**Student:** 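Pasting a structure below so you can have a look.
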Amino acid sequence: MIAFERLTVAYPGGTTAVDDVTLAIAPGSFVALVGRSGSGKSTLLKTVKRLISPTAGRVLVDGRPVDAEPAPLLRRRIGYVFQGIGLFPHMTVAENIAVPLRLDGRVDPERVAALLDLVDLPQEVATRRPDALSGGQRQRVGVARALATEAKLLLMDEPFGALDPMTRDALGQAVRTLHDRLGLTTLMVTHDMAEALLLATRVLVMAKGRIVADTTPAALIAGE
Ligand code: ADP
Ligand code: ADP
């Protein structure tokens with residue numbers, strides 16, 4: 001589903017954020033990418049959606065290099081929930097969810113209603129603005145928007161970081177349920193190992209731009 005081949009990303013200032021990473025992510029897996037702040041997690045994630053270009057090496061999605069098609073087409077197939085969510089404050093929830101659909105020229109109230117259902121939000125939030133929602137509800141809107149184009153690949157960058165622990169747990173479970181039900185391939189950046197162990201089928205640890213551990217929750221818990 002995703003393959004990184006000898007991927008290196010160096011920023012203009014001289015920081016090598018991703019250092020020669022080779023990695024394959026199987027369809028249907030839920031991968032947690034953990035590591036300290038600055039270890040290169042966000043940079044690695046962004047190369048999948050072509051928000052950052054590699055310095056060397058390449059990234060493939062569904063067997064094709066990400067630069068083999070126009071970026072908007074690639075991006076439609078990839079849902080992305082980023083830190084802070086980035087909902088538009090002046091738009092309603094429904095309008096926010098419809099942003100990726102509108103780029104297609106398709107705005108469909110039934111589709112918006114179905115997406116609200118999908119993330120267990122009541123229909124009445126559709127006409128509210130983001131600041132009238134709780135943090136957990138806003139995050140659900142972010143997930144609904146990410147899935148609006150029926151993307152099968154879901155990328156999340158610290159999606160639950162700003163939430164209180166109970167909301168965080170509930171939302172994590174909700175995302176895992178969606179992942180299973182929709183047959184998604186999910187790559188989630190987190191610095192919370194407990195969350196990674198709870199939700200993921202595979203845990204990658206990143207340090208200084210490299211993948212330094214590649215394991216499963218079961219193996220980690222068994223102390224292997
Ligand atoms: P995190 O990496 O955990 O998302 P940071 O505070 O390190 O949080 O970075 C926030 C954003 O600022 C990142 O998305 C990155 O693009 C940008 N950024 C981080 N470090 C630098 C830097 N040295 N120079 C310019 N931009 C940076
Ligand atoms: P993480 O997501 O693990 O916190 P990042 O990928 O955000 O790590 O950052 C990896 C390294 O690259 C850090 O040293 C960060 O300061 C640097 N970095 C991130 N974004 C930029 C940027 N836009 N310009 C320059 N350096 C950056």
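Being a predicted model, the structure only gives us computed values, none of them experimental. Start at 1 and go down the list; that is how both ligands and their atoms are numbered.
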**Student:** So, using side chain to side chain donor-acceptor pair (under 3.5 Å) as the criterion, who are the partners of Asp169 when residues are at least two apart?
**Tutor:**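 Not a single residue meets the side chain to side chain donor-acceptor pair (under 3.5 Å) criterion with Asp169.
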**Student:** Do Arg168 and Asp164 meet the salt-bridge criterion of a basic N to acidic O distance under 4.0 Å?
**Tutor:**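 Judged by the 4.0 Å cut-off on N to carboxylate O distance, Asp164 and Arg168 do not form a salt bridge.
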**Student:** Which of the numbered atoms in ligand 2 are below 4.0 angstrom from a heavy atom of Arg36?
**Tutor:**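 Listed by number with element, the hits are 3 (O).
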**Student:** Any nitrogen or oxygen of Ala17 lying under 3.5 Å from a nitrogen or oxygen in ligand 2? Just yes or no.
**Tutor:**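 No, no N or O pair falls under 3.5 Å.
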**Student:** Mind running side-chain hydrogen bond (donor to acceptor under 3.5 Å, both in side chains) on Ser42 and Asp157 for me, showing each step along the way?
**Tutor:** CA-CA 7 Å; Ser42 298; Asp157 195 346; 2.8 Å; yes
**Student:** Under a 4.0 Å heavy-atom limit, does Met206 contact ligand 2 with its side chain, its backbone, both, or neither?
**Tutor:**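 The answer is neither.
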**Student:** Verify the neighbour count for atom CD of Glu110: are there more than 12 heavy atoms of other residues, nucleotides or ligands below 6.0 Å?
**Tutor:**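 No.
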**Student:** Can we say Arg202 and Asp214 salt-bridge, meaning some charged N sits less than 4.0 Å from an Asp/Glu carboxylate O?
**Tutor:**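 Salt bridge flag = yes for Asp214 with Arg202.
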**Student:** Which is closest to atom 1 (P) of ligand 2 in terms of heavy atoms, Gly38, Ala207, Ala10?
**Tutor:**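 Among Gly38, Ala207, Ala10, the closest heavy atom to atom 1 (P) of ligand 2 belongs to Gly38.
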**Student:** Please identify each residue that fulfils salt bridge (Lys or Arg N to Asp or Glu O under 4.0 Å) with Asp62, with sequence neighbours left out.
**Tutor:**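 In terms of salt bridge (Lys or Arg N to Asp or Glu O under 4.0 Å), with neighbours along the sequence ignored, Asp62 is linked to Arg77.
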**Student:** Could you list which atoms of ligand 2 come closer than 4.0 Å to a heavy atom of Ser39?
**Tutor:**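 This gives 1 (P), 3 (O), 8 (O) as the contact atoms.
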**Student:** Heavy atom to atom 7 (O) of ligand 2, shortest distance: which of Gly40, Gly35, Ser42, Pro12 holds it?
**Tutor:**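 When every heavy atom of Gly40, Gly35, Ser42, Pro12 is considered, Ser42 comes closest to atom 7 (O) of ligand 2.
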**Student:** Using a 4.0 Å cutoff against the non-hydrogen atoms of Ser37, which atoms of ligand 2 qualify?
**Tutor:**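 Those of ligand 2 that fall under 4.0 Å from Ser37 are 4 (O).
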**Student:** Backbone, side chain, both or neither: what part of Thr15 comes under 4.0 angstrom of ligand 2, heavy atoms only?
**Tutor:**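 Only the side chain of Thr15 comes within reach of ligand 2.
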